[in-house]
Amino acid sequence: MRFNIIFFISGVILLLTSASFDVNFFNFKRSIPFEQWKTISFSDFTGLKKPGLTLGDVSRFAYIKTSREIVYLSNGDIRVTAYFHPARSYVFNEQMRNPDLLQHELYHFHITEYWTRRLRKDILSYKGKSLRNFIAKQDNIYYHLETEMQQRYDEETNHSYIMQKQTKWQTDLDEKLISLANFSSALLVLRK
Amino acid sequence: MHLILFTRKELVSMLVWSFFSFTVIRIMSVFIYIFQGNLQYFLSVVAVYSILCFLNYFLFKIRFGVKLNYLKYITCCMSFGLLITVFAYGYYLLIRLPHDHFEFGFYALLFVVNIIIGSLFYLLTLIKKRAV
(Lines give C-alpha, C1' and ligand atoms only; values in the text may rest on other atoms or scores of the structure.)
Protein backbone atom coordinates (compact mmCIF):
# COMPACT_ATOMS: atom_id res chain seq x y z
CA MET A 1 0.00 0.00 0.00
CA ARG A 2 2.81 2.38 0.93
CA PHE A 3 4.50 1.61 -2.40
CA ASN A 4 1.33 2.52 -4.26
CA ILE A 5 0.88 5.77 -2.38
CA ILE A 6 4.52 6.87 -2.78
CA PHE A 7 4.68 6.15 -6.49
CA PHE A 8 1.23 7.59 -7.17
CA ILE A 9 2.05 10.86 -5.41
CA SER A 10 5.47 11.00 -7.09
CA GLY A 11 3.74 10.43 -10.42
CA VAL A 12 1.27 13.24 -9.79
CA ILE A 13 4.12 15.65 -8.91
CA LEU A 14 6.06 14.68 -12.04
CA LEU A 15 2.95 15.01 -14.18
CA LEU A 16 2.08 18.45 -12.83
CA THR A 17 5.68 19.58 -13.40
CA SER A 18 5.80 18.33 -16.98
CA ALA A 19 2.30 19.61 -17.75
CA SER A 20 3.30 23.12 -16.67
CA PHE A 21 5.65 23.23 -19.68
CA ASP A 22 2.69 22.56 -21.98
CA VAL A 23 0.27 24.92 -20.22
CA ASN A 24 1.62 27.08 -17.41
CA PHE A 25 -1.29 26.65 -15.03
CA PHE A 26 0.81 28.13 -12.18
CA ASN A 27 0.50 31.46 -13.97
CA PHE A 28 -2.56 30.77 -16.05
CA LYS A 29 -4.29 33.41 -18.14
CA ARG A 30 -7.41 32.80 -20.14
CA SER A 31 -7.22 32.66 -23.92
CA ILE A 32 -7.59 36.07 -25.58
CA PRO A 33 -9.83 36.42 -28.67
CA PHE A 34 -8.56 38.41 -31.64
CA GLU A 35 -10.91 41.34 -31.00
CA GLN A 36 -8.78 42.08 -27.92
CA TRP A 37 -5.41 41.75 -29.65
CA LYS A 38 -4.44 45.36 -28.94
CA THR A 39 -4.46 44.65 -25.21
CA ILE A 40 -1.79 41.94 -25.53
CA SER A 41 1.67 42.72 -24.18
CA PHE A 42 4.68 40.60 -23.33
CA SER A 43 3.43 40.28 -19.77
CA ASP A 44 0.72 38.04 -21.26
CA PHE A 45 3.32 35.58 -22.54
CA THR A 46 3.28 33.43 -19.40
CA GLY A 47 4.22 30.05 -20.88
CA LEU A 48 7.32 28.20 -19.69
CA LYS A 49 10.21 27.70 -22.04
CA LYS A 50 11.33 24.07 -22.10
CA PRO A 51 14.72 23.56 -20.42
CA GLY A 52 17.64 23.22 -22.73
CA LEU A 53 15.95 25.18 -25.50
CA THR A 54 18.44 27.77 -26.69
CA LEU A 55 18.47 30.28 -29.50
CA GLY A 56 21.28 28.38 -31.15
CA ASP A 57 19.16 25.27 -31.47
CA VAL A 58 15.99 26.71 -32.88
CA SER A 59 15.25 29.78 -34.93
CA ARG A 60 12.84 31.32 -32.48
CA PHE A 61 13.08 34.37 -30.24
CA ALA A 62 9.58 34.03 -28.90
CA TYR A 63 6.77 31.56 -29.31
CA ILE A 64 3.13 32.43 -29.71
CA LYS A 65 0.38 29.83 -29.59
CA THR A 66 -2.81 30.64 -31.45
CA SER A 67 -5.72 28.50 -32.51
CA ARG A 68 -9.16 28.65 -34.08
CA GLU A 69 -12.18 27.40 -32.19
CA ILE A 70 -15.53 26.49 -33.72
CA VAL A 71 -18.53 26.30 -31.40
CA TYR A 72 -21.96 25.16 -32.57
CA LEU A 73 -24.58 26.97 -30.49
CA SER A 74 -27.88 25.39 -29.53
CA ASN A 75 -29.87 28.02 -31.45
CA GLY A 76 -28.22 27.05 -34.76
CA ASP A 77 -25.64 29.84 -34.83
CA ILE A 78 -21.93 29.20 -34.99
CA ARG A 79 -19.08 30.98 -33.24
CA VAL A 80 -15.69 30.88 -35.00
CA THR A 81 -12.96 32.55 -32.95
CA ALA A 82 -9.22 32.99 -33.25
CA TYR A 83 -7.52 32.81 -29.86
CA PHE A 84 -4.13 33.65 -28.42
CA HIS A 85 -3.06 31.33 -25.58
CA PRO A 86 -0.96 33.21 -23.02
CA ALA A 87 -0.08 30.18 -20.88
CA ARG A 88 1.35 28.38 -23.91
CA SER A 89 3.32 31.34 -25.32
CA TYR A 90 6.70 32.57 -24.10
CA VAL A 91 9.70 34.81 -24.83
CA PHE A 92 13.24 33.49 -24.59
CA ASN A 93 14.54 36.07 -22.16
CA GLU A 94 13.75 39.47 -20.67
CA GLN A 95 16.26 41.32 -22.88
CA MET A 96 14.32 40.29 -25.97
CA ARG A 97 11.08 41.92 -24.95
CA ASN A 98 11.12 44.82 -27.41
CA PRO A 99 8.16 46.40 -29.27
CA ASP A 100 9.31 45.09 -32.68
CA LEU A 101 9.35 41.50 -31.47
CA LEU A 102 5.93 41.90 -29.86
CA GLN A 103 4.56 43.33 -33.09
CA HIS A 104 6.03 40.40 -35.00
CA GLU A 105 4.43 37.88 -32.66
CA LEU A 106 1.06 39.67 -32.78
CA TYR A 107 1.05 39.45 -36.55
CA HIS A 108 1.25 35.68 -36.21
CA PHE A 109 -2.11 36.17 -34.48
CA HIS A 110 -3.24 38.27 -37.44
CA ILE A 111 -2.45 35.38 -39.76
CA THR A 112 -4.66 33.10 -37.66
CA GLU A 113 -7.42 35.72 -37.75
CA TYR A 114 -7.11 36.08 -41.54
CA TRP A 115 -7.76 32.40 -42.12
CA THR A 116 -10.51 32.48 -39.50
CA ARG A 117 -12.28 35.25 -41.44
CA ARG A 118 -11.87 33.26 -44.65
CA LEU A 119 -13.60 30.36 -42.91
CA ARG A 120 -16.40 32.60 -41.60
CA LYS A 121 -16.95 33.90 -45.12
CA ASP A 122 -17.17 30.36 -46.51
CA ILE A 123 -19.62 29.31 -43.80
CA LEU A 124 -21.93 32.25 -44.44
CA SER A 125 -21.94 31.68 -48.17
CA TYR A 126 -22.41 27.90 -47.99
CA LYS A 127 -25.73 26.72 -49.42
CA GLY A 128 -25.22 22.96 -49.36
CA LYS A 129 -26.66 20.33 -47.03
CA SER A 130 -23.98 18.99 -44.72
CA LEU A 131 -22.68 22.19 -43.14
CA ARG A 132 -20.65 20.58 -40.33
CA ASN A 133 -18.77 18.33 -42.77
CA PHE A 134 -18.08 21.32 -44.99
CA ILE A 135 -16.80 23.37 -42.03
CA ALA A 136 -14.55 20.55 -40.85
CA LYS A 137 -13.10 20.13 -44.34
CA GLN A 138 -12.54 23.86 -44.88
CA ASP A 139 -11.10 24.31 -41.39
CA ASN A 140 -8.58 21.57 -42.08
CA ILE A 141 -7.60 23.07 -45.44
CA TYR A 142 -7.17 26.52 -43.93
CA TYR A 143 -5.19 25.09 -41.00
CA HIS A 144 -2.59 23.75 -43.41
CA LEU A 145 -2.55 26.95 -45.45
CA GLU A 146 -2.17 28.96 -42.25
CA THR A 147 0.71 26.79 -41.06
CA GLU A 148 2.50 27.33 -44.35
CA MET A 149 1.90 31.09 -44.19
CA GLN A 150 3.14 31.27 -40.58
CA GLN A 151 6.35 29.52 -41.59
CA ARG A 152 6.89 31.78 -44.57
CA TYR A 153 6.27 34.85 -42.40
CA ASP A 154 8.97 33.77 -39.93
CA GLU A 155 11.45 32.87 -42.67
CA GLU A 156 11.01 36.05 -44.71
CA THR A 157 11.07 38.46 -41.77
CA ASN A 158 13.63 36.48 -39.73
CA HIS A 159 11.44 37.10 -36.66
CA SER A 160 11.16 40.86 -37.23
CA TYR A 161 14.87 41.39 -37.80
CA ILE A 162 14.39 42.20 -41.50
CA MET A 163 12.39 45.37 -40.98
CA GLN A 164 11.52 45.92 -44.62
CA LYS A 165 9.95 42.48 -44.92
CA GLN A 166 8.27 42.83 -41.54
CA THR A 167 6.65 46.10 -42.59
CA LYS A 168 5.54 44.58 -45.90
CA TRP A 169 3.97 41.59 -44.18
CA GLN A 170 2.17 43.83 -41.70
CA THR A 171 0.80 46.00 -44.49
CA ASP A 172 -0.30 42.96 -46.51
CA LEU A 173 -2.00 41.35 -43.52
CA ASP A 174 -3.75 44.58 -42.56
CA GLU A 175 -5.07 44.86 -46.12
CA LYS A 176 -6.21 41.24 -46.10
CA LEU A 177 -8.06 41.74 -42.82
CA ILE A 178 -9.65 44.97 -44.05
CA SER A 179 -10.83 43.18 -47.20
CA LEU A 180 -12.57 40.67 -44.89
CA ALA A 181 -13.86 43.29 -42.43
CA ASN A 182 -17.45 42.12 -43.01
CA PHE A 183 -16.47 38.81 -41.45
CA SER A 184 -14.74 40.17 -38.36
CA SER A 185 -17.50 39.11 -35.97
CA ALA A 186 -16.95 35.73 -34.36
CA LEU A 187 -20.68 35.04 -34.13
CA LEU A 188 -22.24 33.76 -37.34
CA VAL A 189 -26.02 34.08 -37.27
CA LEU A 190 -27.36 31.21 -39.32
CA ARG A 191 -30.75 30.53 -37.72
CA LYS A 192 -33.72 31.50 -39.85
CA MET B 1 -12.14 -22.99 -15.14
CA HIS B 2 -10.90 -19.44 -14.53
CA LEU B 3 -7.52 -18.31 -15.74
CA ILE B 4 -6.40 -15.77 -13.17
CA LEU B 5 -3.02 -14.39 -14.02
CA PHE B 6 -2.80 -11.65 -11.43
CA THR B 7 -4.34 -10.94 -8.05
CA ARG B 8 -6.10 -7.69 -7.32
CA LYS B 9 -3.09 -6.33 -5.42
CA GLU B 10 -0.79 -7.16 -8.33
CA LEU B 11 -3.14 -5.43 -10.78
CA VAL B 12 -3.25 -2.29 -8.65
CA SER B 13 0.53 -2.34 -8.42
CA MET B 14 0.79 -2.62 -12.23
CA LEU B 15 -1.63 0.28 -12.63
CA VAL B 16 0.30 2.53 -10.26
CA TRP B 17 3.66 1.59 -11.80
CA SER B 18 2.32 2.27 -15.32
CA PHE B 19 1.06 5.68 -14.21
CA PHE B 20 4.38 6.50 -12.59
CA SER B 21 6.24 5.34 -15.70
CA PHE B 22 4.01 7.51 -17.89
CA THR B 23 4.89 10.55 -15.81
CA VAL B 24 8.62 9.72 -15.97
CA ILE B 25 8.42 9.50 -19.76
CA ARG B 26 6.51 12.80 -19.85
CA ILE B 27 9.04 14.68 -17.72
CA MET B 28 11.83 13.18 -19.79
CA SER B 29 10.11 14.44 -22.93
CA VAL B 30 10.26 17.97 -21.52
CA PHE B 31 14.05 17.79 -21.34
CA ILE B 32 14.71 15.97 -24.60
CA TYR B 33 11.83 17.39 -26.61
CA ILE B 34 14.25 19.22 -28.85
CA PHE B 35 14.86 15.91 -30.59
CA GLN B 36 11.15 15.31 -31.08
CA GLY B 37 10.48 13.82 -34.46
CA ASN B 38 14.05 12.52 -34.65
CA LEU B 39 15.32 9.00 -34.24
CA GLN B 40 17.28 10.04 -31.10
CA TYR B 41 14.02 11.03 -29.40
CA PHE B 42 12.32 7.77 -30.28
CA LEU B 43 15.33 5.69 -29.16
CA SER B 44 15.56 7.59 -25.86
CA VAL B 45 11.87 7.04 -25.14
CA VAL B 46 12.11 3.36 -26.15
CA ALA B 47 15.04 2.85 -23.78
CA VAL B 48 13.32 4.44 -20.78
CA TYR B 49 9.96 2.81 -21.62
CA SER B 50 11.51 -0.68 -21.90
CA ILE B 51 13.56 -0.37 -18.73
CA LEU B 52 10.55 0.85 -16.74
CA CYS B 53 8.48 -2.04 -18.11
CA PHE B 54 11.19 -4.59 -17.31
CA LEU B 55 11.38 -3.31 -13.72
CA ASN B 56 7.94 -4.91 -13.29
CA TYR B 57 9.75 -8.27 -13.18
CA PHE B 58 11.71 -7.20 -10.10
CA LEU B 59 8.77 -5.42 -8.53
CA PHE B 60 6.78 -8.63 -8.60
CA LYS B 61 9.70 -10.51 -7.02
CA ILE B 62 10.29 -7.94 -4.28
CA ARG B 63 6.70 -7.03 -3.46
CA PHE B 64 4.85 -10.29 -3.97
CA GLY B 65 7.61 -12.93 -4.00
CA VAL B 66 6.40 -13.92 -7.47
CA LYS B 67 8.73 -15.02 -10.24
CA LEU B 68 6.92 -14.16 -13.44
CA ASN B 69 6.79 -16.83 -16.10
CA TYR B 70 6.90 -15.71 -19.71
CA LEU B 71 3.12 -15.62 -20.14
CA LYS B 72 2.62 -13.45 -17.09
CA TYR B 73 5.57 -11.27 -17.97
CA ILE B 74 4.37 -10.62 -21.52
CA THR B 75 0.84 -9.96 -20.25
CA CYS B 76 2.42 -7.48 -17.87
CA CYS B 77 4.28 -5.80 -20.74
CA MET B 78 1.15 -5.57 -22.86
CA SER B 79 -0.86 -4.16 -19.97
CA PHE B 80 1.92 -1.66 -19.33
CA GLY B 81 1.85 -0.56 -22.98
CA LEU B 82 -1.93 -0.27 -23.06
CA LEU B 83 -2.05 1.68 -19.82
CA ILE B 84 0.69 4.09 -20.94
CA THR B 85 -1.29 4.72 -24.13
CA VAL B 86 -4.50 5.29 -22.16
CA PHE B 87 -2.79 7.74 -19.79
CA ALA B 88 -1.14 9.54 -22.70
CA TYR B 89 -4.49 9.82 -24.49
CA GLY B 90 -6.15 11.11 -21.33
CA TYR B 91 -3.42 13.75 -20.99
CA TYR B 92 -3.86 14.72 -24.64
CA LEU B 93 -7.63 15.13 -24.15
CA LEU B 94 -6.99 17.46 -21.21
CA ILE B 95 -4.54 19.83 -22.86
CA ARG B 96 -5.31 19.58 -26.55
CA LEU B 97 -6.26 22.47 -28.80
CA PRO B 98 -8.08 22.25 -32.17
CA HIS B 99 -5.88 20.57 -34.78
CA ASP B 100 -3.68 18.86 -32.19
CA HIS B 101 -3.36 15.16 -33.01
CA PHE B 102 -2.68 12.21 -30.78
CA GLU B 103 0.15 10.08 -32.08
CA PHE B 104 -1.42 6.64 -31.88
CA GLY B 105 1.21 5.32 -34.27
CA PHE B 106 4.02 6.38 -31.94
CA TYR B 107 2.49 4.55 -28.97
CA ALA B 108 1.60 1.51 -31.08
CA LEU B 109 5.23 1.31 -32.23
CA LEU B 110 6.44 1.68 -28.62
CA PHE B 111 4.07 -1.14 -27.63
CA VAL B 112 5.41 -3.51 -30.28
CA VAL B 113 9.08 -2.62 -29.75
CA ASN B 114 8.65 -3.07 -26.00
CA ILE B 115 7.27 -6.60 -26.46
CA ILE B 116 10.38 -7.49 -28.46
CA ILE B 117 12.87 -5.80 -26.12
CA GLY B 118 10.99 -7.08 -23.07
CA SER B 119 11.26 -10.62 -24.38
CA LEU B 120 15.02 -10.15 -24.80
CA PHE B 121 15.29 -8.86 -21.24
CA TYR B 122 13.34 -11.89 -20.03
CA LEU B 123 15.79 -14.15 -21.85
CA LEU B 124 18.59 -12.47 -19.92
CA THR B 125 16.99 -13.46 -16.62
CA LEU B 126 16.89 -17.07 -17.81
CA ILE B 127 20.54 -16.99 -18.87
CA LYS B 128 21.55 -15.55 -15.49
CA LYS B 129 19.64 -18.34 -13.73
CA ARG B 130 21.44 -20.97 -15.78
CA ALA B 131 24.83 -19.41 -15.06
CA VAL B 132 24.07 -19.63 -11.34
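This structure is a prediction, so every number in the text was calculated from the model and none was measured. The analysis underlying the following values was restricted to heavy atoms, covering all of them including side chains, and did not include hydrogens, waters or symmetry mates.
Only the side chain of A/F21 comes within less than 4.5 Å of a heavy atom of chain B; its backbone N, CA, C and O stay farther away. Using a 4.5 Å cut-off between heavy atoms, B/L15 does not touch chain A at all. Contact of A/T17 with chain B is made through backbone and side chain together, with heavy-atom distances under 4.5 Å.
Counting only N and O atoms by type, the side chains of A/Q166 and A/Y153 include a donor and acceptor under 3.5 Å apart.
Residue with the most contacts toward chain B among A/L16, A/V12, A/I70, A/I5: A/V12 (heavy-atom pairs, distance under 4.5 Å).
With respect to the salt-bridge test (charged N to carboxylate O, under 4.0 angstrom), the residues A/K168 and A/D172 qualify.
At least one donor-acceptor pair closer than 3.5 Å links the side chain of A/R120 to the backbone N or O of A/S184.
Residue pairs meeting the side-chain hydrogen bond (donor to acceptor under 3.5 Å, both in side chains) criterion with at least one partner in residues 89-99 of chain B, sequence neighbours excluded, are A/D22-B/Y91, A/D139-B/H99.
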